[in-house]
Amino acid sequence: MKAVMLEPGREARALDIPHTLKAMQQAVGGTIQAIYPWKGVSAALVCDDEGLLKRLPFNRMVAPEVFIFGPCFICGVDGENFADLPEALVERFVKRYRFPELLFRHGGKLYSLPVEL
């Protein structure tokens, strides 16, 4: 399955993940959870559903007030199933999330800032 991998402290990259539950769980390091933070885009972000509870390192802010902890990947959606991410979306997400981010608090609010490697 074509996807975009996002890992804490690393640049975003395209990859192929076998379309099995075991492979997806290995990619994120735990039981998976899908979220759909982008309106009008047939894509899912798949992450460890206990990333925050496990105190995994901050990864990225993928949408306003949507903070991801630990590794995750972005894949396509076909109905209720995960699918290949179309090439145009692979390019879009690799470009958008290219650099890792730092999380910081200012005035009681959380922000993230990309950090070029």
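Keep in mind the model is a prediction, meaning the values are calculated, not measured. In what follows, every heavy atom counts, from backbone to side chain, and hydrogens, waters and symmetry copies are set aside.
- Residues satisfying the side chain to side chain contact (heavy atoms under 4.5 Å, CB included) test with Leu52, not counting sequence neighbours, are Phe69.
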Would you check, one step at a time, whether the test side-chain contact (heavy atoms from CB on, under 4.5 Å) holds for Phe99 with Leu113?
CA-CA 9 Å; Phe99 296 112; Leu113 182 68; over 6 Å; no
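- Note on residues 5-27: pairs passing side-chain hydrogen bond (donor to acceptor under 3.5 Å, both in side chains), not counting sequence neighbours, are Glu7-Arg10, Glu7-Arg13, Glu11-Arg98.
- Counting only residues at least two apart or in different chains, side-chain hydrogen bond (donor to acceptor under 3.5 Å, both in side chains) contacts with residues 70-91 are absent.
- In this structure, Leu89 shares a hydrophobic cluster with Val4, Leu6, Ile35, Trp38, Val41, Leu45, Val62, Val66, Ile68, Ile74, Leu85, Val90, Phe93, Val94, Tyr97, the cluster being traced through Ile, Leu, Val, Met, Phe, Trp and Tyr side chains under 4.5 angstrom apart.
- One distance of note links CD1 of Ile32 with SG of Cys47; it measures 9.5 Å at 0.5 Å rounding.
- Scored by the side chain to side chain donor-acceptor pair (under 3.5 Å) test, Thr31 finds Asp49 as partners (sequence neighbours excluded).
- Considering all non-hydrogen atoms of both residues, Phe73 and Ala3 come closest at CD1-CB, 4.1 Å.
- Think of Val115 as one node in a network of Ile, Leu, Val, Met, Phe, Trp and Tyr side chains linked at under 4.5 Å; its network also takes in Leu102.
- In plain terms, the two heavy atoms of Met61 and Ser112 that are nearest each other are CB-OG, 3.3 Å.
- Residues Leu21 and Val77 fall within the same hydrophobic cluster, defined by Ile, Leu, Val, Met, Phe, Trp and Tyr side chains chained together at heavy-atom separations under 4.5 Å.
- When all heavy atoms are compared, the tightest approach of Pro8 to Pro57 is CG-O, 3.7 Å.
- Listed by first and then second residue, the side-chain hydrogen bond (donor to acceptor under 3.5 Å, both in side chains) pairs that reach into residues 50-67 are Asp48-Lys54, sequence neighbours excluded.
- Of the possible donor and acceptor atoms, none in the side chain of Gln33 sits under 3.5 Å from a partner among the backbone N and O of Val46.
- Taking Tyr111 as the reference, Phe104 meet the ring pair (Phe, Tyr, Trp, His ring centres under 6.0 Å) condition, with sequence neighbours excluded.
- With contacts defined as side-chain heavy-atom distances shorter than 4.5 Å, the pair Pro71/Met5 qualifies.
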